[in-house]
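To start, the structure itself, in structure tokens.
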Amino acid sequence: MRGSRIAVAIAAAAAIALPAGPALAATTGQHSQQTAAGGTQHAAKNTPVIVTCDQKLRVRPKTYLLACGDGSAGLTRLHWSSWTASEATASGKFTLNTCTPSCAQGKFITSPVLVVLWRPKAIPHYPGQRDFLMMTVIYTGKRPAHSSRTFTERLWYPASR
């Protein structure tokens, strides 16, 4: 059952990469609230959030840093097609520092991606609030060397763990 929900979320995310993306995404029957201020406000308690490096609870962020320690990997230009109680989907860019010959001298490369957030869990010490625990990133174009077509990460920031 869990795998089928993820497949539906990935299919919905893939719809936005197609020429008729917005029209196809609109047919999924999922409705989401648009947040003010570019997705930077706190969510209603029944809406899952994503926790940022600086411990902020966000809905529909335009950017998301994956490597909090050194900023070498992150998501930018995120356009959310859905944000529901069970999953969220977006298109955007994945930016990665090549760290060649070193991270200080490395170049940042950018690749188009689809992002799926899933498996919301309760946040300890925040009654009624949930955050997404898992993120799947799907490359839709050229991807970094030696990268697979997709990767899934557990979002581990301390506010929820």
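Atom set for the values below is all heavy atoms of this structure, side chains included, hydrogens, waters and symmetry mates excluded.
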Would you mind reporting whether Cys103 and Ser72 have side-chain heavy atoms less than 4.5 Å apart? no
Shortest non-hydrogen pair, Ala73 vs Leu96, comes out as CB-CD1, 4.0 Å
Can you check side-chain contact (heavy atoms from CB on, under 4.5 Å) on Leu155 and Asp131, steps first, answer last? CA-CA 9 Å; Leu155 302 175; Asp131 69 334; over 6 Å; no
Answer with yes or no whether the side chains of Thr89 and Trp80 bring together a donor and an acceptor at under 3.5 Å. no
Any sub-3.5 Å donor-acceptor pair from Ser91's side-chain atoms to Leu114's backbone N or O? no
Give the C-alpha distance, both sets of side-chain angles, the deciding distance and a yes or no for side-chain contact (heavy atoms from CB on, under 4.5 Å) between Phe151 and Thr136. CA-CA 6 Å; Phe151 67 89; Thr136 298; over 6 Å; no
Hydrophobic clusters here meaning ILVMFWY residues chained together by side-chain heavy-atom distances under 4.5 Å, can you tell me if Ile109 and Leu66 are in one? yes
Do Val113 and Thr140 touch side chain to side chain, with heavy atoms closer than 4.5 Å? no
Checking the side chain of Trp83 only, and the main-chain atoms of Ala90 only, is there a donor and an acceptor separated by less than 3.5 Å? no
Between the main-chain N or O of Thr98 and the side-chain N or O of Thr100, is there a donor-acceptor pair closer than 3.5 Å? yes
So, taking the atom named OG in Ser82 and the one named CG in Leu117, what distance separates them when rounded to the nearest 0.5 Å? 9.0 Å
Quick check against the 3.5 Å criterion: does Arg143 have a side-chain atom that pairs as donor or acceptor with the backbone of Pro112? no
Is it the case that the side chain of Thr95 and the backbone of Thr110 share a donor-acceptor pair, with hydrogens and angles ignored and the cut-off at 3.5 Å? no
Go through it in stages, so that I can follow the logic: the residues are Phe94 and Ile138, the test is side-chain contact (heavy atoms from CB on, under 4.5 Å), and I'd like the CA-CA distance, side-chain angles, deciding distance and then a yes or no. CA-CA 10 Å; Phe94 177 74; Ile138 307 158; over 6 Å; no
Would you indicate whether the side-chain heavy atoms of Leu75 and Met135 approach each other to under 4.5 Å? yes
Distance-only polar pair, side chains of Thr76 and Thr63, donor-acceptor under 3.5 Å: no
Yes or no on side-chain contact (heavy atoms from CB on, under 4.5 Å) for Met134 and Arg154, after CA distance, side-chain angles and deciding distance? CA-CA 5 Å; Met134 302 297 293; Arg154 183 170 192 253; 4.0 Å; yes
Between Lys121 and Phe132, is there a side-chain heavy-atom distance shorter than 4.5 Å? no
Distance, nearest 0.5 Å, that separates CD1 of Ile50 from CG of Leu57: 11.0 Å
What are the two closest non-hydrogen atoms of Val51 and Gln55, and how far apart are they? CG1-CA, 4.1 Å
Give a yes or no on whether the backbone of Thr47 and the side-chain of Gln129 come within a donor-acceptor separation of less than 3.5 Å. yes
Rounded to the nearest 0.5 Å, what's the gap from CZ on Arg130 to OG on Ser86? Could you check? 8.0 Å
Roughly how far apart are Tyr139 OH and Thr150 OG1, rounded to 0.5 Å? 9.5 Å
